*Asks:* 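I am attaching a structure below and will ask some questions about it afterwards.
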Amino acid sequence: MDDRKDHLWKVQEGSEQAAAEDPSRGTPLGVDVGTSKIVAARRRTRGTETSMQLNAFIPVPFSRFTETILGQNEIPYFRDGDELIIFGGATERFANMFNVETRRPMADGLLNPKERMGTVVLESIMRGLIPKAKVQGEVLSFSVPAASEGREAELVYHEASLRRFFETLGYRAVAINEGLAVIFSELEDQNFTGIGISCGGGMCNVALAYLSIPSLLFGISKGGDYIDNSVGSVVDEPATRIKTIKEEKLDLTKAPADKLEKALHIYYEDLVESLVDSIRKAVAKADKLPRAHRPLPIVIAGGTAKPKGFKELFERAMKAKPFPVDISEIRVAADPVTATARGALIAALYEK
Amino acid sequence: MDPSAQERRRALEKGLVCEDPRELSPEFARSVEGLTRDIKDPVERLRFLRNSTKTIRQLEDQIPKVPPAARPLVYKYLGWRGLTMLKGDKAAGIRRVARGKIAALQIGIVLAGASLLLGASYGTLRLATSLGRRTPTVEARVHAEAPAKAPPRSTPTPEPEVLTQRPNSIWLVEQGRDYELYSNGLRIDTSQRVKGTRRSYALIDEASGNVLPLSSEPVGIVFHTTESDILSLEPENNSSLLRNSKNLVAYVKRHEFYHYLIDRFGRVYQILNDDSRANHAGFAVWANAGKVYMNLNHAFFGVSFESRFAPEGPLPLTEAQLQAGRLLTEHLVRRYDIDPKLCVAHGIVSVNPKTRKIGHHVDWAKNFPFKTFGLPDAYEVEPASVRLFGFGYDDDLAKAIGEPWPGVFKAEAELQKDALKSGQSTDALKQTLTRRFDLWFEEQSQATKSTTSSLITPAPAGPGVN
Ligand SMILES: Nc1ncnc2c1ncn2[C@@H]1O[C@H](COP(=O)(O)OP(=O)(O)O)[C@@H](O)[C@H]1O
Ligand SMILES: [Mg+2]
Ligand SMILES: [Zn+2]
């Protein structure tokens, strides 16, 4: 993996309807603040650009020599006392090399209260991705998870800290639910009607909207990290290493070849089943759902939806029991990792 | 607030708008969806859907009263109307077609009658007035219905009590060579204060149309924003922030634009002394208690915030400006015994006499925090420009601020009723009223001119002053 690529804004082709670029008017931004990745999106003449950075860090002992090497290789870091904090894309490589776990500013979708360095690192990562607002009060929309039971207070803190940070960069910051952001980016053709799911590292977030108006928002605190940790403890390997293997090789359509793969399959199934179950329950329980005027599509985004065979796994779980509303289709977003950020961008442009 | 309400509020905010998830009827959804095909831009599509659903929500209480056969027409109307609000050049075609369709939706829709118009939500008023323009039969088909009940409002959270004291009266605590300090904490920098032309103005008695004797007392306040370059409050911007403020003061002084200017740090500069007029709201109209004020340069203080009006945004003010603005307002209101109903925002008093349109300047046409300032909400008041003079508004205003403020809709509904009562079309009535504007404007400006030699003709409305 070429770490430096992470910093480049990449242009997504195929969106012919881009707003003309006008630097004097500034550029609204959409930001997906995820447990494992931060993704930023903005509109350019030719389409939507996204850039991303891994939301992780690893401290190494300070020495001039190490510092020079990091500098020469353009690896992002900062100094904290007698440690150098390496953050972003290079983190995992170092972690695997030293056989330690990476550290994370966030856990389960929110700022990690147990991580002393959390806020500082998160802000450094975001500063690398998000330029200062050209125009004071430019709109920036950032994703937040849905409130899950017992963690409301944490969510308030998380959201307020992010908002304050974006404001120091000169933006007017608007929070958007992550699931709704997926609906904004993926269900335009359906007039933003349907179920949007984002399966990330720390959480899965779900939104159900009619004509763009959310009727149901919730999340479960299980995601890719849950798989990595569970598999890691079964096969006794660091979760970071499991993560690397999972991302590089996992194919859910193929029968598992060894113990590790078998464990990956088992926990993937477990995750998807709990997700579908909780959606089923939430939809059945919701008393305020409008009467649907047509069957609803489901679209799934997020890194955890990337492996081959994920969609089929999800479909199987859906078919296992009756579902309370009619579903027209189930699909995985074309670019699952940037979907939330692109949706947040639409929210920002709308708010502008 | 109970936890579930709080949760709901938060959930709604993240849904980006304060919508409630009550049922949207499938008929409405279908009808609106039928119109989205040509909207290629996701943001515009979102805007269209949100606008349409917002309107339907405002109308919800009324819909059951619409005869079932007419409901599809209402839905269609709302949909087409939403399309007329799309932004951008690319949507010009869609907007045009939509306007045509609205005209063609010849009306079988009968909302309950005039009595209902009064109590109804402003969405309804808007619908009723727009429909009414093309529906001379409204009156004939009135159903006798009970007035609409006001929708239950959720009670706002009480603010936590803070133990602070405020002086019962406001007095000058200390005066230095270039400042004044008042007992409520207001500090006015007077180093730049100049004497301008003395206030002297004529009012018009609304009932008789007569010009009243000249007066020289300040009676109200018009709030402005400077619409100047705004930098974020950061230490590295310090020298630029200071420079902007200084240049602004000099500029305002040179053109005698406002009486008071509040810079980004909350410093209150007095530019023109209280006895002078300022060139801040020449083509502007307001009325209160049977008196009509045309050209507010003399009668009203101009108080401007170094800020840039952002219609969608939150308060484009710094905390310090907000506080200073409140203190200054409190001071002026007490000292000159100003009727709070005469504290208004430039955007809602400004008119263009040539085009007969309101909202020529749009600073504070939205979002002025009247409540925070302890003032009645002027956005709810029927503006004299519309009510007395039949002024209208066009797409330019919508482009700048979205829907006009509620008072405009109320005034339009009243005009509509007047027209019905007098048996003329609303357009005819408006024409009569705009002629009245010309007459009264001329009369008051003659009366004012005859006593002062200064330039009382308002400066042409242009980019100069906001
Ligand atoms: N190709 C892949 N296969 C399987 N899992 C992946 C893949 N790419 C990323 N992931 C997993 O997706 C999760 C991160 O997804 P992302 O949407 O970026 O999450 P977040 O919103 O938490 O930042 C991680 O658990 C990561 O391991
Ligand atoms: Mg995510
Ligand atoms: Zn103004």
Side-chain angles (χ1 to χ4, degrees), chain A residues 15-19 43 132-133 135-137 139 141 143-144 146-147 152 155-156 159 167-172 174-178 180 184-185 188-193 207 209-218 286 288-294 342-343 345-352, chain B residues 3 6-8 10-17 19-37 39-50 52-54 56-57 87-90 229-234 236-237 264 307-308 310-316:
Chain A
S15 155
E16 5 63 287
Q17 273 279 336
R43 252 189 196 192
K132 277 198 177 163
V135 178
Q136 171 75 10
V139 181
S141 175
S143 67
V144 290
E152 293 84 0
L155 175 62
V156 172
E159 196 182 315
E167 282 168 2
T168 61
L169 294 179
Y171 292 94
R172 175 159 76 88
V174 190
I176 179 173
N177 170 276
E178 189 168 334
L180 187 62
F184 281 3
S185 63
E188 180 197 344
D189 292 344
Q190 309 276 347
N191 285 319
F192 313 107
T193 299
Y210 289 88
L211 303 180
S212 87
I213 293 161
S215 294
L216 181 66
L217 303 170
F218 74 96
K288 287 200 200 112
L289 292 189
R291 283 170 290 154
H293 54 294
R294 54 179 166 80
R342 284 181 286 115
L345 174 62
I346 291 179
L349 290 161
Y350 166 77
E351 277 285 305
K352 195 178 152 95
Chain B
Q6 200 172 4
E7 196 173 295
R8 192 167 147 248
R10 243 182 268 138
L12 290 174
E13 184 192 339
K14 269 147 249 166
L16 273 169
V17 272
E19 291 292 353
D20 55 58
R22 274 175 301 168
E23 186 167 326
L24 283 174
S25 84
E27 296 78 34
F28 168 73
R30 247 179 248 121
S31 135
V32 163
E33 286 208 296
L35 298 173
T36 55
R37 214 191 37 221
I39 311 177
K40 292 282 156 32
D41 183 275
V43 180
E44 287 309 323
R45 187 176 280 230
L46 181 58
R47 209 182 298 287
F48 166 70
L49 293 167
R50 286 284 165 108
S52 309
T53 44
K54 193 162 122 202
I56 198 81
R57 285 271 151 72
K87 295 182 181 170
D89 295 344
K90 290 200 176 107
D229 279 344
I230 300 303
L231 295 165
S232 57
L233 283 183
E234 300 203 41
E236 53 268 43
N237 287 341
R264 303 260 295 149
S307 181
R308 199 177 259 235
E312 317 280 0
L315 235 49

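Order of the sequence lines fixes the chain letters, A, B, ..., with proteins taken first and strands second; residue numbering starts at 1 for each chain. Predicted model only: the values in this text are computed from it and were never measured.
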*Asks:* I'd like to know if the side chain of A:Ser141 reaches the main chain of A:Leu345, judged simply by a donor and an acceptor atom lying under 3.5 Å from each other, with no hydrogens or angles considered.
*Replies:*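 Answer holds: no.
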
*Asks:* Between chain B and each of A:Gln136, A:Arg294, A:Glu188, A:Lys132, count heavy-atom pairs under 4.5 Å; write down the option with the most.
*Replies:*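 So the answer, after comparing A:Gln136, A:Arg294, A:Glu188, A:Lys132, is A:Glu188.
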
*Asks:* At a 4.5 Å cut-off on heavy atoms, which part of B:Glu234 comes close to chain A: side chain, backbone, both, or neither?
*Replies:*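 Answer is side chain: those atoms of B:Glu234 sit under 4.5 Å from chain A.
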
*Asks:* Heavy-atom distance under 4.5 Å to chain B: side chain of A:Thr168, backbone, both or neither?
*Replies:*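 When you check distances to chain B, only backbone atoms of A:Thr168 fall under 4.5 Å.
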
*Asks:* I need the minimum non-hydrogen distance between A:Leu349 and A:Arg43, along with the two atoms involved.
*Replies:*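 Scanning both residues completely, I find the closest heavy atoms to be CD1-NE, 3.3 Å.
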
*Asks:* Donor-acceptor pair, distance only, cut-off 3.5 Å: does the side chain of B:Arg264 make one with the backbone of B:Ser307?
*Replies:*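 Between the backbone of B:Ser307 and the side chain of B:Arg264 there is no qualifying donor-acceptor contact (under 3.5 Å).
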
*Asks:* What part of A:Gln190 gets closer than 4.5 Å to chain B, counting heavy atoms only: side chain, backbone, both or neither?
*Replies:*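 A:Gln190 touches chain B through backbone heavy atoms alone.
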
*Asks:* What part of B:Leu231 lies closer than 4.5 angstrom to a heavy atom of chain A: side chain, backbone, both or neither?
*Replies:*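 Just the backbone, heavy atoms under 4.5 Å.
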
*Asks:* So which heavy atom on A:Pro214 is nearest to which on A:Leu180, and how close?
*Replies:*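 Of all heavy-atom pairs spanning A:Pro214 and A:Leu180, the closest is CG-CD2, 4.2 Å.
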
*Asks:* Quick one: pull up OG1 in B:Thr36 and CZ in B:Arg45 and give me the separation to the nearest 0.5 Å.
*Replies:*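 Spacing of OG1 (B:Thr36) from CZ (B:Arg45) equals 4.5 Å.
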
